[in-house]
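To start, the structure itself, in structure tokens.
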Number of protein chains: 2
Amino acid sequence: MRQSNMLIPTLREVPKEAEIASHQLLLKAGYIRKLASGVYNFLPLGKKVLRNLENIVREEMDRAGAQEIQMPSLQPAELWETSGRWDTMGLELMRLNDRHERPFALGATHEEVVTSLIRDEINSYKKLPLTVYQIQTKYRDEKRPRFGLLRGREFLMKDAYSFHEDFESLDETYNQLFNAYKRVFERCGLNFRAVIADSGAMGGKDTHEFMVLSDVGEDTIAYSDTSDYAANVEMAPVVTQYEQSNEEAKPLEKVETPNAKTMQEVADYLGHSLAEGMKAIMFKVDERLVLVVTRGDHEVNDVKVKNLFDAGIVELATEQETIDAVGAGFGSLGPINVPESVEVIADHAVKSLHNATCGANENGYHFKNVNPDRDFEINQYADLRFIEEGDPSPDGQGTIQFAKGIEVGHVFKLGSLYADKLGASFLNQQGRSQNYVMGCYGIGVTRTLAAVVEQYHDDNGMFWPDSLVPFDVHIINLNAKKEEQVEVAEQVYEQLQSKGFDVLYDDRQERAGVKFNDSDLIGVTHRVTVGKRAGEGYVEYKHRKTGEQQDIHIDELVDFLKTLHS
Amino acid sequence: MRQSNMLIPTLREVPKEAEIASHQLLLKAGYIRKLASGVYNFLPLGKKVLRNLENIVREEMDRAGAQEIQMPSLQPAELWETSGRWDTMGLELMRLNDRHERPFALGATHEEVVTSLIRDEINSYKKLPLTVYQIQTKYRDEKRPRFGLLRGREFLMKDAYSFHEDFESLDETYNQLFNAYKRVFERCGLNFRAVIADSGAMGGKDTHEFMVLSDVGEDTIAYSDTSDYAANVEMAPVVTQYEQSNEEAKPLEKVETPNAKTMQEVADYLGHSLAEGMKAIMFKVDERLVLVVTRGDHEVNDVKVKNLFDAGIVELATEQETIDAVGAGFGSLGPINVPESVEVIADHAVKSLHNATCGANENGYHFKNVNPDRDFEINQYADLRFIEEGDPSPDGQGTIQFAKGIEVGHVFKLGSLYADKLGASFLNQQGRSQNYVMGCYGIGVTRTLAAVVEQYHDDNGMFWPDSLVPFDVHIINLNAKKEEQVEVAEQVYEQLQSKGFDVLYDDRQERAGVKFNDSDLIGVTHRVTVGKRAGEGYVEYKHRKTGEQQDIHIDELVDFLKTLHS
């Protein structure tokens, strides 16, 4: 394409609201334009990259045996009422009435539609397992749309749904799609982790999130520095072995700790490290009071408390509830002298504490030289804390590092939740009616595009992995007023196109500096500049990412580019 | 794909609401399923054909130099208020509020969005002409969604918009896109006409509709039987030359015509043909009374009356207005003795009438032996009637035939209407600010798919043009219980796939009759049945449309299919 005719409105300045690189650069390089908060136009370059990405997703889904369908965005409210999500989705679900005042949801996701479709069209195990997918626009009225394509209100998603007779079959498909997702993100050249995630809220079983590592990510990932283990930080079990001290146990001693409320204040006052103290926090676990004790430098992970008790609700007790139960407020709690009405549990690390300190359950007092077993009893030791950088990886390989991640994909063993709600059953091999076991799988397509930019840019603009780059080659005519250069540039343009290269040709009447700046912004990998040596038949090649450059004779250009491109 | 695993829910019966072939067959063959009135799921077969169609559209748009973009469906109400269409679109425009109660339209079309985009991003003639397009879901809350994909509320459309400095440039792009549209519909194998259409309402200049000829179409096309001339029936000029009679002019005679109100009753009573009478109808043209006279067998075309006077409103006068003006009611009007306050115009055919009859402007009376010029004067003769089958074609080639048409495409010289409303200007070559001249161009993608089925089906189901067919080959395993047949079928399946054929393989445990019925319904062109002669290495080939069949040895199958497929 001739750049003079193409809609690539590059900018010198970007709106202040664009805080992160992908948002700034996609605007600046003329890939996208905002129409409304969280709603974007894709301009020609943006659309080209998006289509490349769609094709990767489609190929990998097809290869995994999923069948492409297309479901509507206009979804009758009744379906959402039946699943219960008409209420629970709240303001995030966009809604409208048709001319007959019939209410519709604008598809935020398609569990309801696909479950009713399969319910109505399939009635036998013979058709199972079955996986369908679509690449389709989704609508979610985010409270705070931001970061450009990372959190929008109208965005492109690939969603897939699988239907099974049992969990064994679901496991198989789940693994296939897990691998398909890995291939998608690998082909996008992304540095990502498949992360064990929390399946709690949706009532399902296993679930993984695919996280692109990036400082602008909103999630924290705990990953091994040597294996491919990765988990959402709240999901990672702690397998640390703590050393027992051989030091002599000193006599228990109660000391006044006036005005020392926080762990740090107590430690400073008593002259020890945080790790030599105990932290005790009172929780209400389904209305039961539970005192959770950890080492002073550790943080309680309430997901683990919840899972330990298989509880519905875990929340902090109020200070009054705490005072009523043990006779002291928040700053002075500890495991000694706890009435039987309160259950005391502790993280494994507590067992190895020696001559430590803890609150005395008496406001303004702590115990020193506390030793577990000798001085108090614990109902249960368990893994109750957040994993930390430096902890051993739960898979036994390497140590844990933290990173921020952008969630670009999600695979989820949904179970029979939606099938139960929508009455989606089939006749199984024994001729009995049973509800489907389902999996659901999503890729944020537009979000993935933004995540790629987060990992593929420098100070001058974007560069792209070969799989996504909008053009194969960017030809720059250095001086559109020099006839000789124009002639050679046109000739090179024709030649490369005739050899099957998809070429962007900057034929504009602009200064060289403007053209180079725009070229760096746009980020086509291979740049060919037709400049002063055009008369001798030489052009200058430059690689966008490495900056490597060399003069090449136009007779050798096609072969040279073919080598790079293959 | 193995049919046993594919979501192709064929039906024996279709819902009664499906009245036309495309609706019935797309349901019956498992291509689509209704989710709500005018809102459809595309199942795997439907999606495959749709993608084939999309790719044809995309290729031809790209070839015509248009640039693919993607604009949002969520469109801020302000844009539509600025263009005035927030009010004029009425109930057809779907609307919703976001969580902050800000109103949005769901994109029914994108003139507003694209005009504001180009207004904001381009400011110089140097970037012109520019054509952008998208293939995107549209929402229109049709009063009466029906005929399946022909008139839906959520449907796929290709819409394009071009921006120009002047009409000369618009003409050029219009012609390019006109030809691109022709190629699209030709590649879809459609029998269609590019039809001159009425541009009046939208304030533009030229406009053509692409009409697929079909009895279920809602529009009537007048087309030449020998040239490619075609027009919407109200747009076709009449160029008929009428013969002058040599018969002697008889004396004018007033006769009583009791109880004869209609043209037919008068003609019967006086014993002549309809063509020997005159029909006179009183119109109000922008408040002025105009008596329009045509030959008794012709129909007044009020679009032509409107265009003749360049009028705003043309409507029938009331009977009272008629009586007040000429002294007689509807059944007795004629061009003789008309007061000067009423203008009398006549269709060219009236000039050649000879010894004809007409109303006497006196209730219950007509004149006989009326001769134009001798007996009355006409303010103006003009082309005022509807064209009819048998009339000569306006382009001078052949005679006119009528056909019903389905509108699948529309190209339109929009002019500056939206640019004016939205203040979209640029600096022209003279450095002066001027508003864009625009064209807009649409293809109903899902509607085109339905139109193809209307032209490509028989009593047993669909068949498809090669460009759209969902699979290259349909293999049928006649008896999934016979090991020998299964072996050969699997072998053929593997073989064809390895040679690059996209194969649907009916490996189901179903009776042969069921398989053949489904295969006819689905409509893959080339069917290969593995049956009784499998042991000898022979399979049966059958062509879906022609029914031609022959036994072929599996060693020759690939070459045979390659010949057919190329």
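Proteins get letters first, then strands, A, B, ... in listed order; numbering begins at 1 in each.
- Surrounding CZ of B:Arg102 are more than 12 heavy atoms belonging to other residues, nucleotides or ligands, all under 6.0 Å away.
- Residue contact with chain B, scored on non-hydrogen atoms closer than 4.5 Å, involves the backbone of A:Lys126 exclusively.
- Neither the backbone nor the side chain of B:Lys48 comes within less than 4.5 Å of any heavy atom of chain A.
- When heavy atoms are compared at a cutoff of 4.5 Å, A:Glu78 does not approach chain B at all.
- Here A:Asp141 is the residue among A:Ile32, A:Val132, A:Leu50, A:Asp141 with the most heavy-atom pairs under 4.5 Å with chain B.
- Side chains of B:Ile122 and A:Leu7 form a contact here, defined as non-hydrogen atoms less than 4.5 Å apart.
- Using a 4.0 Å cut-off between charged nitrogen and carboxylate oxygen, B:Asp120 and A:Arg33 do not count as a salt-bridge pair.
- For a residue to count as touching a neighbouring chain, one of its non-hydrogen atoms must lie under 4.5 Å from one of that chain's; by this rule A:Ser73 touches chain B with backbone and side chain alike.
- If you measure heavy-atom distances from A:Leu79 to chain B, the contacts under 4.5 Å come from the side chain alone.
- No other option in A:Gln75, A:Arg2, A:Arg51 has as many heavy-atom pairs under 4.5 Å with chain B as A:Arg51.
- The contact between B:Glu142 and chain A is made entirely by backbone atoms, counting heavy-atom distances below 4.5 Å.
- Considering all non-hydrogen atoms of both residues, B:Gln70 and A:Thr137 come closest at NE2-OG1, 4.5 Å.
- Between A:Gln67 and B:Met1, the closest heavy-atom pair is CG-CE, 3.7 Å.
- Neither the backbone nor the side chain of A:Leu45 has a heavy atom closer than 4.5 Å to any heavy atom of chain B.
- For the atom pair A:Gln134 CD and B:Asn41 CG, the distance stands at 8.5 Å (nearest 0.5 Å).
- Atoms CZ and CG, on B:Phe104 and A:Leu106 in that order, are 11.5 Å from each other to the nearest 0.5 Å.
- Within a 6.0 Å radius of CZ in A:Arg99, more than 12 heavy atoms belonging to other residues, nucleotides or ligands are found.
- B:Asp98 and A:Arg153 make their closest contact through OD2-NH1, 2.9 Å (heavy atoms, listed as atom of the first residue, atom of the second, distance).
- Within the 4.5 angstrom heavy-atom criterion, atoms from both the backbone and the side chain of B:Leu91 approach chain A.
- A:Leu74 and B:Glu154 get closest at one heavy-atom pair: N-OE1, 2.9 Å.
- Among all heavy-atom pairs drawn from A:Met94 and B:Leu96, the shortest one is CB-CD1, 3.9 Å.
- Residue A:Glu81 places its CD atom among more than 12 non-hydrogen atoms of other residues, nucleotides or ligands, all under 6.0 Å distant.
- Heavy-atom distances place both the backbone and the side chain of A:Leu43 under 4.5 Å from chain B.
- Of the listed residues B:Arg95, B:Met71, B:Lys143, the one with more heavy-atom pairs under 4.5 angstrom with chain A than any other is B:Lys143.
- Atom CZ of A:Arg144 is surrounded by 12 or fewer heavy atoms from other residues, nucleotides or ligands within 6.0 Å.
- Heavy-atom pairs under 4.5 Å with chain A were tallied for B:Arg508, B:Glu68, B:Lys127, B:Gln509; the largest tally goes to B:Glu68.
- Residue B:Tyr40 touches chain A through its backbone alone, counting heavy-atom pairs closer than 4.5 Å.
- In this structure, the portion of A:Leu130 lying under 4.5 Å from any heavy atom of chain B is its side chain and not its backbone.
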